[in-house]
S.K.: 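Below is a structure I'd like to ask you about.
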Amino acid sequence: MTIEGGCLCKTVRYRITAEPLTMRLCWCRDCQYLAAGNATANVVFPSEAVTITGPLSDFISVADSGNVMHRKFCPECGTPMFSQAEVRPHVIIVRAGTLDDPEQVRPVANIWTESAPGWACLHQDLPHFPRQPPPG
Ligand SMILES: [Zn+2]
Ligand SMILES: [Zn+2]
């Protein structure tokens with residue numbers, strides 16, 4: 001499987017040569033900033049399968065889970081592109097909105113639902129985890 005994508009202004013592009021490990025919709029408070037009030041749609045891949053071209057800005061913070069997170073975005077158009085936890089360098093999270101074909105992936109869970117606003121449209125057919133689910 002080959003998956004390609006990039007940012008809104010096309011300064012950043014990427015190519016992935018692996019199946020996604022999982023895809024989750026994250027309602028943590030940090031993700032609501034990144035996704036304009038909604039959940040982020042996060043597709044997880046093995047880091048070594050992702051080739052990125054173009055510059056990235058890196059915002060480093062400590063997530064609700066306690067992990068030090070790197071959140072990378074296009075310095076030109078600001079599109080959130082990737083995130084990575086320092087404790088798990090072997091996996092990279094790709095924001096689903098940056099995929100050339102968002103139909104290539106499907107979410108399997110809603111996570112951090114306890115942080116979602118009352119008006120959130122939570123995917124009812126998927127399991128809900130109030131906080132971080134167990135890995136795998
Ligand atoms: Zn851009
Ligand atoms: Zn989140």
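All ligand and atom numbering here is 1-based and tracks the order in the structure.
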S.K.: If you look at every heavy atom in Ser115 and Arg29, which pair is closest and at what distance?
M.R.: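 Residues Ser115 and Arg29, closest heavy atoms: CB-N, 4.0 Å.
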
S.K.: What protein N/O/S atoms are found closer than 2.8 Å to the Zn ion (ligand 2)?
M.R.: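 Cys26 SG, Cys28 SG, Cys31 SG, with waters left out.
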
S.K.: Measure across Ala49 and Ala18 and return the closest heavy-atom pair with its distance rounded to 0.1 Å.
M.R.: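 Answer, listing the atom of Ala49 first, then Ala18: CB-CB, 3.4 Å.
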
S.K.: Will you find, in the side chains of Gln32 and Trp27, an N or O donor that is under 3.5 Å from an N or O acceptor?
M.R.: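 No, no side-chain donor-acceptor pair sits under 3.5 Å.
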
S.K.: Minimum heavy-atom separation for Pro89 to Ser47, with atom names?
M.R.: O-OG, 2.7 Å

S.K.: For Leu21, does the CG atom sit with more than 12 other heavy atoms under 6.0 Å from it, leaving out its own atoms?
M.R.: yes

S.K.: Between Glu4 and Thr2, is there a donor-acceptor pair closer than 3.5 Å when you use the side chain of the first and the backbone of the second?
M.R.: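 No, because the side chain of Glu4 does not come within donor-acceptor range (under 3.5 Å) of the backbone of Thr2.
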
S.K.: Could I get the full list of side-chain contact (heavy atoms from CB on, under 4.5 Å) partners for Leu126, not counting sequence neighbours?
M.R.: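 Per chain and number, Leu126 pairs via side-chain contact (heavy atoms from CB on, under 4.5 Å) with Leu25, Pro107, Asn110, His123.
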
S.K.: Is it true that Asp100 and Arg15 have a side-chain N and a carboxylate O under 4.0 angstrom from each other?
M.R.: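 Salt bridge absent between Asp100 and Arg15.
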
S.K.: With the Zn ion (ligand 1) as the centre, enumerate protein N/O/S atoms below 2.8 Å in chain and residue order.
M.R.: Cys7 SG, Cys9 SG, Cys74 SG, Cys77 SG

S.K.: Determine which pairs satisfy ring-ring contact (aromatic ring centres under 6.0 Å, His included) with at least one residue from residues 42-101, sequence neighbours left out, and list them in order.
M.R.: Tyr14-Phe82

